[in-house]
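Beneath this line is the structure, given in structure tokens, with notes to follow.
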There are 2 protein chains.
Amino acid sequence: MGRRNDHSREEIRELALAATFEIVTEQGFHQLSVRKIASAIGYTVGSLYLIFKNLDDLILQANVRNLEIIYQILQQTEKKQKKPEQRLLAFAHAYLHFTIEQPYRWQMIFEHRMQNNEPVPEWFEPHVSRLFSLLEAPLAQLMADAEPEQVRQTARAMWCAVHGVSTLYMTEKLEVVGSESVQNLLDRLMGIFLEGVKTA
Amino acid sequence: MGRRNDHSREEIRELALAATFEIVTEQGFHQLSVRKIASAIGYTVGSLYLIFKNLDDLILQANVRNLEIIYQILQQTEKKQKKPEQRLLAFAHAYLHFTIEQPYRWQMIFEHRMQNNEPVPEWFEPHVSRLFSLLEAPLAQLMADAEPEQVRQTARAMWCAVHGVSTLYMTEKLEVVGSESVQNLLDRLMGIFLEGVKTA
DNA sequence: AAGTTGAATTATACACCGTTTAATAAAGCA
DNA sequence: TGCTTTATTAAACGGTGTATAATTCAACTT
């Protein structure tokens, strides 16, 4: 077969990314394969390699959208609270909630590894760091007379802590039964952390 | 070829686990394959499947040793300090140090995923939880009049936080330059956390 | 209208992967 | 000696990501 031109490059890109989300959401990230994506959109693998550099590239592009959606969720959840402490708590809860409710989409972001020890391209990182920069505003209110750089690093420390809970829960390395006790664990962690921030 | 009996089953097991460590340490966890292990010890893949249920089984058995070594490191580092706060800090530092210095061995533990969504067998989990139970003793000293269950959960919260730093650093999702600033981040995190524990 | 060009698309192949199976060679025993 | 048992391998199956050459067709040229 030759030129069909049923879809433009941009359309094929859309189809591929949509199919990727569908496969990952239904079967899990580690079940994703180039062949599955291709057959889902009615093209062969070769066509995908015309539009994406390789599978890593495709996944990263899908993850940009993935991160965008999480950003929206976190932002909106946080807005509902006024006190800075409550906003930070809402943030942590929303993040863990996403992890539990959309495990495969969480997987796609945090269990993806580059092949051949290739580094993650620089254009990707900002989409991640944008997430936890959400913490900086409420944290700044809590840390009255602190340098901006201090706030920034504290935000990252808090993000690490919350993400650690998600990670260990998802990888079944936490000896935790059910999602309820993870919630408790996160609450304790946040309680201690916020107490520490206010005291210091 | 048929029976050679150059090695007993137990000897082949040893050879395989040793070869696994060598391959992982030199090439990285994601470069590990059954065929590589087999050829490294001078046998074919079939022989490995006589001794291990599958690759997951082999990796888990290797990780038991891996975790044992980390446990020794953490234990000894911790012993050098007397004050409970210093012991907890030493623990966190040693853990991050291991992550940075032995990234591939860290990978083998925390980036291994079961195939086909199989659950991690129950006999494995204790080897992980044994690690962070090390935190409980010094934490108990710091939390004078707290229930043992409270101490236990606080230890896990702290473990989550420290592990979160390692994870995000290793996966290049932390926007951090060099290992020095990760150290700073961890110090800040621990400072805040310990302050929170003492205050609460 | 016919011919040429160039790009879209596919078919095919390569080198891997984990796992299973049947064939085979040798050790131990009668 | 021959027979049974078992360690070991070779080969195959169905999968993977990726590269390449062959096709087919739209659009442009003459």
Side-chain angles (χ1 to χ4, degrees), chain A residues 1-17 19-20 23-24 27-63 107-108 111-118 120-121, chain B residues 1-17 19-20 23-24 27-63 107-108 111-118 120-121:
Chain A
M1 323 260 168
R3 168 185 294 216
R4 281 196 334 219
N5 256 349
D6 285 354
H7 305 96
S8 69
R9 273 164 180 267
E10 185 54 36
E11 284 170 333
I12 294 181
R13 198 184 95 100
E14 285 305 320
L15 287 170
L17 293 181
T20 299
I23 294 166
V24 166
Q27 309 177 35
F29 171 64
H30 299 290
Q31 306 303 316
L32 186 69
S33 79
V34 182
R35 284 169 168 87
K36 274 188 192 172
I37 301 171
S39 89
I41 66 175
Y43 280 83
T44 53
V45 291
S47 298
L48 288 175
Y49 279 88
L50 239 62
I51 287 157
F52 302 95
K53 195 178 158 239
N54 51 32
L55 181 57
D56 279 341
D57 182 33
L58 196 161
I59 292 172
L60 287 173
Q61 292 196 35
N63 270 337
Q107 262 189 357
M108 175 154 67
E111 298 200 348
H112 166 59
R113 298 290 176 267
M114 291 283 158
Q115 305 199 135
N116 300 89
N117 286 337
E118 293 278 320
V120 180
Chain B
M1 324 250 170
R3 168 186 294 218
R4 280 194 338 222
N5 255 349
D6 285 355
H7 306 96
S8 69
R9 273 163 181 266
E10 184 54 35
E11 282 171 334
I12 295 182
R13 197 184 96 100
E14 285 305 319
L15 287 170
L17 292 180
T20 298
I23 294 166
V24 166
Q27 311 177 33
F29 171 64
H30 299 290
Q31 307 301 319
L32 185 69
S33 78
V34 181
R35 284 171 166 87
K36 275 188 191 171
I37 301 170
S39 91
I41 67 175
Y43 280 83
T44 52
V45 291
S47 298
L48 288 176
Y49 280 88
L50 240 61
I51 288 156
F52 301 95
K53 193 178 160 238
N54 50 31
L55 181 57
D56 279 339
D57 183 33
L58 195 161
I59 292 173
L60 286 174
Q61 292 195 35
N63 269 338
Q107 262 188 357
M108 175 155 65
E111 298 199 348
H112 165 59
R113 299 289 176 266
M114 290 284 158
Q115 306 197 134
N116 299 92
N117 287 336
E118 293 276 320
V120 180

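Quick note on labels: first sequence line is chain A, next is B, and so on, each numbered from 1.
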Hey, are the side chains of Ile59(B) and Leu32(B) touching, using non-hydrogen atoms and a 4.5 Å cut-off? yes

Atom-pair distance (CG on Asp6(B); C1' on dT9(D)), nearest Å: 14 Å

Do His30(A) and Gln115(B) come close enough that some side-chain heavy atom pair is under 4.5 Å? no

Can you tell me how far apart CZ (Arg13(A)) and CD1 (Ile51(A)) are? Round to the nearest 0.5 Å. 9.5 Å

Rounded to whole angstroms, how far apart are CG on Leu60(A) and C1' on dG17(D)? 15 Å

Grab the CG-P distance between Leu50(A) and dG6(C) for me, whole Å please. 17 Å

Calculate the interatomic distance between Ile23(B) atom CD1 and dC17(C) atom C1'; express it in whole Å. 14 Å

Between atom CD1 in Ile51(B) and atom P in dT9(D), what is the gap in whole Å? 11 Å

Produce the list of close N/O pairs, under 3.5 Å, pairing protein atoms with atoms of nucleotides 18-20 of chain C; give distances to one decimal.
from, atom 1, to, atom 2, distance (Å)
dG18(C), OP1, Val34(B), N, 3.3
dG18(C), OP2, Val34(B), N, 3.0
dG18(C), O3', Gln115(B), NE2, 3.3
dG18(C), N7, Arg35(B), NH1, 2.4
dG18(C), O6, Arg35(B), NH2, 2.8
dT19(C), OP1, Gln115(B), NE2, 3.1
dT19(C), OP2, Tyr49(B), OH, 2.4
dT19(C), OP2, Leu55(B), N, 2.9
dT19(C), O5', Tyr49(B), OH, 3.1

Is the shortest heavy-atom distance from the side chain of His112(A) to the side chain of Asp56(A) under 4.5 Å? yes

Do Thr20(B) and Lys36(B) have side-chain heavy atoms sitting under 4.5 Å apart? no

How bent is the helix from dA1(C)-dT30(D) to dC29(C)-dG2(D), measuring the angle between the end axes built from five pairs each, rounded to 10°? 40°

Distance test, side-chain N/O of Tyr43(B) to OP1/OP2 of dT8(D), below 4.0 Å: yes

Using a 4.0 Å heavy-atom cut-off, does Ile12(A) contact any base of the nucleic acid, only the sugar-phosphate backbone, or nothing at all? sugar-phosphate

Measure CD1/Ile41(A) against C1'/dT10(C) and give the value in whole Å, please. 13 Å

Is any side-chain heavy atom of Pro121(B) closer than 4.5 Å to one of Met114(B)? yes

dT9(C) P sits how many Å from Leu15(A) CG, rounded? 11 Å

Return the minimal non-hydrogen interatomic distance between Ala62(A) and Leu17(A), and the atom names on each side. N-CD2, 3.8 Å

If I take atom CG in residue Asp57(A) and atom P in nucleotide dA19(D), what distance separates them, rounded to the nearest angstrom? 12 Å

Set of salt bridge (Lys or Arg N to Asp or Glu O under 4.0 Å) partners for Glu14(B), sequence neighbours left out: Arg65(B)

If you define the side chain from C-beta out and look only at heavy atoms, does anything of Phe29(B) sit under 4.5 Å from Ile23(B)? no

May I ask you to evaluate whether Arg9(B) reaches the phosphate of dA7(D), defined as a side-chain N or O under 4.0 Å from OP1 or OP2? yes

